[in-house]
A.B. asks: 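Sharing a structure below in structure tokens format, with a few things to ask.
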Number of protein chains: 4
Amino acid sequence: MALTTEQRVRRAAVKLFASKGFHGTGIRDLAQEAGISSASLYHYMGTKEELLAGIMRECLERLLAGAREVTDDVVDPRQRLASLVALHVLAHARQPAETRVVDNEVHVLSAATRRRIVKLRDAYEQLWGDAIDDGIRQRSFVTAEPAVTRLALLEMCSGVAHWYSPRGPLGLDRLANHYANLALRMLGSAGQDCPEALARARKAVSTVWGTTL
Amino acid sequence: MALTTEQRVRRAAVKLFASKGFHGTGIRDLAQEAGISSASLYHYMGTKEELLAGIMRECLERLLAGAREVTDDVVDPRQRLASLVALHVLAHARQPAETRVVDNEVHVLSAATRRRIVKLRDAYEQLWGDAIDDGIRQRSFVTAEPAVTRLALLEMCSGVAHWYSPRGPLGLDRLANHYANLALRMLGSAGQDCPEALARARKAVSTVWGTTL
Amino acid sequence: MALTTEQRVRRAAVKLFASKGFHGTGIRDLAQEAGISSASLYHYMGTKEELLAGIMRECLERLLAGAREVTDDVVDPRQRLASLVALHVLAHARQPAETRVVDNEVHVLSAATRRRIVKLRDAYEQLWGDAIDDGIRQRSFVTAEPAVTRLALLEMCSGVAHWYSPRGPLGLDRLANHYANLALRMLGSAGQDCPEALARARKAVSTVWGTTL
Amino acid sequence: MALTTEQRVRRAAVKLFASKGFHGTGIRDLAQEAGISSASLYHYMGTKEELLAGIMRECLERLLAGAREVTDDVVDPRQRLASLVALHVLAHARQPAETRVVDNEVHVLSAATRRRIVKLRDAYEQLWGDAIDDGIRQRSFVTAEPAVTRLALLEMCSGVAHWYSPRGPLGLDRLANHYANLALRMLGSAGQDCPEALARARKAVSTVWGTTL
DNA sequence: CATGAATGAGCCTTCATTCAT
DNA sequence: AATGAATGAAGGCTCATTCAT
């Protein structure tokens, strides 16, 4: 099925905001990439900033929905964390443009919009914090600085969007598995593969992003 | 000692490029932050892009010099890696603005300039790769994907610049120590503190950045 | 009786052109005020300028018809002038939007259209000039500068559209009567009320504008 | 002495705002009329609206200063009113562009700016109201509706800016004198010339506007 | 050394208008 | 009859940069 114009605009924005930055992307660049005139752009978006905010919100909502899906009803913190890591890595490897926009362009947003976006991100990170804290409580995890470790994990996983290429030698599954192992090691937990956690993450990514691409 | 005007310009650029992005920072913003007129700015810089490139090059050269200092004549790969991690983390915690500019604004550079900058970064990352590879060869480190692990380590450590605050509860030394432990864990190496590695990193940071701030 | 869409468009234009000016009113403003889409607007009008010209012409034609009605077959110049003043004042008090558009937006029109509009206005003002000149000839009126006095009278009466409010304490009849007295005084003629002149004006306004509002 | 660029900008704005309206005047029109580029325009003004507000405020302040000058220490209300009329007429005949901008473009201003402008205008009109009220109290003036008469007077006099041409047959003095007579007649006061009132007005106009033009 | 003045190019956004459905 | 979609032109304003003083 062909894309709607609105989708083409959204995709153009994601691509250009990711590669050239929000301020580095002109409205004419967007129009050209979307294949319409710059005036027509405004049938499918509000302001340029609202377009950005929409992209960010959608991406974060998907990530949050996925994270809830992979952690709901899972009791073992190791399983929860492994799933979160795998989900995050898969998302950043499959949707590097969206996720880079989310990570890099927050400073552009107006104060009010930023608050809403940050709230979503905080809810998402809370799930990571819960898994880590539960693991520590249950002595599955050992770390001197849980909060710092959570940040280190998140930054490590987000970084995937900076370098991963689907054309490289590394498949998505092995990538996600490797990161899950790294994460468990960081938390002092034996790094054995946990295929169920990966399967949950794979499924969640498909659910929230579809099988596009 | 008072700053020279050139230093004030450089600092203004670092601060603003880091917080608002290169394209989000106007020449007038720079002038105001530096306390001079926008025309005077051009006595102390070339074009705006050259100013950016200078900042990036200087930061990367310092990082590279520090990395060489902490690894030269150190044979144990664990010591080398711990020092590299500690140096990187200290640098990103102490100079978050510079390092964020280096990490976020590469896409702005012209092809020729970018090549030179990327070369510096590659040389720097090579030192990490060498330590990891040596560690694997000596069976100090165990990891299925050395290249991926190197990238994961770098992203994890660079992320410090995104959130660390000197006004928070965590001191620089404990921060660096924690990250060194995380790194060794990621490489399957027992996470014991290695105070000599930290000391070398601390010294190197002072050498290349001075004791400013 | 419900308004036709064309009437709604016309009224929207009159209201907005009067309050925000022709160039200050966008096609989308008109559409919103009329309750249709901006594309539909073009079923009921030509260009925006033609819409303006239509409004002006209609208003001036009504004014001119009214003026002819109140002066035809009236011999006494004082009666004629009093009626013209009353008609003009009533029209500007009851139709302030239309009359303000006529008075303020002539400069917008193209040369050709402007000529036609100005011709109508000249014909209308001619009736005032005739009454004044006849009055002078008959020694009913005394003024050193008849032409200037005519302009002063017209401006004074048109000004009513700038400030009169039907919600204020002053009724339309007293308003018109007062202005008729002022006019006669300006022409050196005793300022006694002339109820017949007012009645003629009232009737003419109803004839040309209907009893709407 | 040659005009400063700022003065040229101001004059261009006055001329174009008066002839084409604020919204009908583009920033590029202003630049061309002022003989500079549209970017340079912004060295000499804030926003286009601030330029408008500045023009209005200056004109009204001059008018108010002149009105105070011609009424201060004058006891006879007839003299005061005659001076006010003459001043207003001379101002509108000599500075038709400024005064038309003041009269026609108030709707453009933002609420806050409009308040400040309207306050100035109210102070000015208050002087007219005082003269009329005093005259009535002293039985020099007779009018059934003082407030309406004040408005009629003001509109009549402001109208001069719509039609007066210095290239016409009517000199400024005779014009002002005629309007003073009309005004006194409107107030039921014998219309004899009062040369002192005119002299005061002439002098005040020179004081507040200089002898330019 | 420092800066007001200057500008061509470009910014984001809205304009009035047309047309296929 | 009605309107979403579309656009070239233009809107007000800011950009990075130069230069005479």
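Order of the sequence lines fixes the chain letters, A, B, ..., with proteins taken first and strands second; residue numbering starts at 1 for each chain. Given the structure is predicted, the values throughout are model-derived calculations rather than measurements.
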A.B. asks: In this structure, how many angstroms lie between the P atom of dA1(F) and the CD atom of E6(C), rounded?
C.D. replies: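 The answer, rounded to whole Å, is 11 Å.
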A.B. asks: Find the distance I36(A):CD1 to dA5(F):P and express it as a whole number of Å.
C.D. replies: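 Atom-to-atom, I36(A) to dA5(F), this comes out as 11 Å.
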A.B. asks: Report the distance from atom CG of L30(D) to atom C1' of dA10(F), rounded to the nearest whole Å.
C.D. replies: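 One finds 15 Å between C1' of dA10(F) and CG of L30(D), rounded.
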A.B. asks: Taking atom CE of M45(A) and atom CG of L52(A), what is their separation to the nearest 0.5 Å?
C.D. replies: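 Rounded to the nearest 0.5 Å, the CE-CG separation comes out at 10.5 Å.
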A.B. asks: If I take atom CG in residue L41(A) and atom P in nucleotide dA9(F), what distance separates them, rounded to the nearest angstrom?
C.D. replies: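 So the CG-P distance, L41(A) to dA9(F), works out to 18 Å.
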A.B. asks: With rounding to the nearest 0.5 Å, note down the distance linking CG in L51(C) to OH in Y42(C).
C.D. replies: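 Answer for the CG-OH pair, L51(C) versus Y42(C), is 9.5 Å.
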A.B. asks: Quick one: L16(D) CG to dG11(F) C1', roughly how many Å, whole number?
C.D. replies: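 Roughly 16 Å, once rounded to whole Å.
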A.B. asks: Which donor-acceptor pairs under 3.5 Å do side chains of residues 113-120 of chain C form with protein atoms, sequence neighbours excluded?
C.D. replies:
unit_1, atom_1, unit_2, atom_2, d
T113(C), OG1, S110(C), OG, 3.0
R114(C), NH1, L109(C), O, 2.9

A.B. asks: Let me check I have this right: for DNA chain E, each base becomes ., (, ), [, ] or |, based on Watson-Crick or G-U pairs with both distances under 3.5 Å. What is the full string?
C.D. replies: .||||||||||||||||||||
A.B. asks: Looking at D29(B), is its backbone amide N or carbonyl O close enough to the side chain of Q32(B) to form a donor-acceptor pair, meaning the two atoms are under 3.5 Å apart?
C.D. replies: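 Absent.
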A.B. asks: State plainly whether the residues R62(D) and E58(D) are in salt-bridge range, i.e. N to O under 4.0 Å.
C.D. replies: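 A salt bridge links R62(D) with E58(D).
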A.B. asks: Search all heavy atoms of S38(A) against all heavy atoms of R28(A) and return the closest pair with its distance.
C.D. replies: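 Heavy atoms of S38(A) and R28(A) come nearest at CB-CG, 4.5 Å.
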A.B. asks: Find the distance L51(A):CG to dC11(E):P and express it as a whole number of Å.
C.D. replies: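 Atom CG in L51(A) sits about 16 Å away from atom P in dC11(E).
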A.B. asks: Can you name the nearest heavy-atom pair linking D103(D) to H92(D), along with the distance?
C.D. replies: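 So the minimum-distance heavy-atom pair works out to OD2-NE2, 3.6 Å.
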A.B. asks: Could you tell me which non-hydrogen atom of K48(C) sits nearest to which non-hydrogen atom of H23(C), and how far apart they are?
C.D. replies: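 For K48(C) and H23(C), the tightest heavy-atom pair comes out as NZ-CA, 4.4 Å.
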A.B. asks: Quick one: what's the B/S/- string for nucleotides 14-21 of chain E, heavy-atom cutoff under 4.0 Å, read 5' to 3'?
C.D. replies: BBBBBB--
